[in-house]
A.B. asks: 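The structure that follows is given in the form of structure tokens.
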Amino acid sequence: METPSSSNPLYERIFAMVDSIPRGKVATYGQIAREVGAPRHARSVGRALSNLPPQSPLPWHRVLNAGGAISPRPGGSPRLQLQRLCAEGVRVSRSGRVDLEEYQWNPDW
DNA sequence: CTCGTGACTCTTG
DNA sequence: ACAAGAGCCACGA
């Protein structure tokens, strides 16, 4: 049994969860938020990733929005994200969308 | 404390 | 398919 309020800046949990996404799979912001026990913290997930350094070993590119698409954001990273997904065998449509039915990660497995 | 901001999500039209 | 509005909540000034 963990201590939810003791040592848990939420970000650490989010980072750990993102780091657990297997290669070739993807997850959504809302999904990760729920998995770390914070159902309404989809934005916090985005905030955590925005805090991430460019050299981070974290597979942040496997995180998509609820529609299975890459969220637009300041900077040019969406392009990189698409390339990385493609490189991992994830089939991305021309508009940058992913078939969640096929690629969404289920942590229960 | 109040306010603005945001890599979100859902509902409407 | 797209745009707009509202709800949501942590964080920094």
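Residue numbers begin at 1 in each chain, while the letters A, B, ... track the order of the sequences.
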A.B. asks: Sequence neighbours left out, what passes side chain to side chain donor-acceptor pair (under 3.5 Å) with A:Gln81? Give chain and number order.
C.D. replies: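 With sequence neighbours excluded, A:Gln81 shows a side chain to side chain donor-acceptor pair (under 3.5 Å) to A:Arg73, given in chain and number order.
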A.B. asks: How would you list all residue pairs meeting side chain to side chain donor-acceptor pair (under 3.5 Å) that involve residues 26-42 of chain A, not counting sequence neighbours?
C.D. replies: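 Pairs touching residues 26-42 of chain A that pass the test: A:Gln31-A:Gln104.
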A.B. asks: Does the protein touch nucleotides 6-13 of chain B at the base, only the backbone, or not at all? Give it as B, S and - per nucleotide, heavy atoms under 4.0 Å.
C.D. replies: BBBSS---
A.B. asks: Does OP1 or OP2 of C:dC8 have a side-chain N or O of A:His41 closer than 4.0 Å?
C.D. replies: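 Checking C:dC8 against A:His41, no side-chain N or O comes under 4.0 Å of OP1 or OP2.
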A.B. asks: For residues 17-27 of chain A, which residue pairs pass the side chain to side chain donor-acceptor pair (under 3.5 Å) check, not counting sequence neighbours?
C.D. replies: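 Found none.
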A.B. asks: Return the set of residues passing side chain to side chain donor-acceptor pair (under 3.5 Å) with A:Glu102 (not counting sequence neighbours), or none when no residue passes.
C.D. replies: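 Checked A:Glu102 against side chain to side chain donor-acceptor pair (under 3.5 Å); zero matches.
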A.B. asks: With sequence neighbours left out, write down each residue that passes side chain to side chain donor-acceptor pair (under 3.5 Å) with A:Ser71, or none if nothing qualifies.
C.D. replies: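 If we apply the side chain to side chain donor-acceptor pair (under 3.5 Å) test to A:Ser71, skipping adjacent residues, the hits are A:Asn65.
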A.B. asks: Output all residues satisfying side chain to side chain contact (heavy atoms under 4.5 Å, CB included) with A:Asn51, sequence neighbours left out; order by chain, then residue number.
C.D. replies: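 A:Asn51: side chain to side chain contact (heavy atoms under 4.5 Å, CB included) contacts with A:Tyr11.
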A.B. asks: Starting at the 5' end of nucleotides 1-6 of chain C, put B wherever the base has a protein heavy atom under 4.0 Å, S where only the sugar-phosphate does, and a dash everywhere else.
C.D. replies: S-----
A.B. asks: Test of understanding: with salt bridge (charged side-chain N to carboxylate O under 4.0 Å, His left out), list the residues that count as partners of A:Glu88, not counting sequence neighbours.
C.D. replies: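 So A:Glu88 forms a salt bridge (charged side-chain N to carboxylate O under 4.0 Å, His left out) with A:Arg62.
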A.B. asks: Using the C1' atoms only, state how far C:dA13 lies from B:dA7, rounded to an integer number of Å.
C.D. replies: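 These two C1' atoms come out 22 Å apart once rounded.
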A.B. asks: Can you give me the closest heavy-atom contact between A:Ala66 and A:Leu100, atom names plus distance?
C.D. replies: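 For A:Ala66 and A:Leu100, the tightest heavy-atom pair comes out as O-CD1, 3.7 Å.
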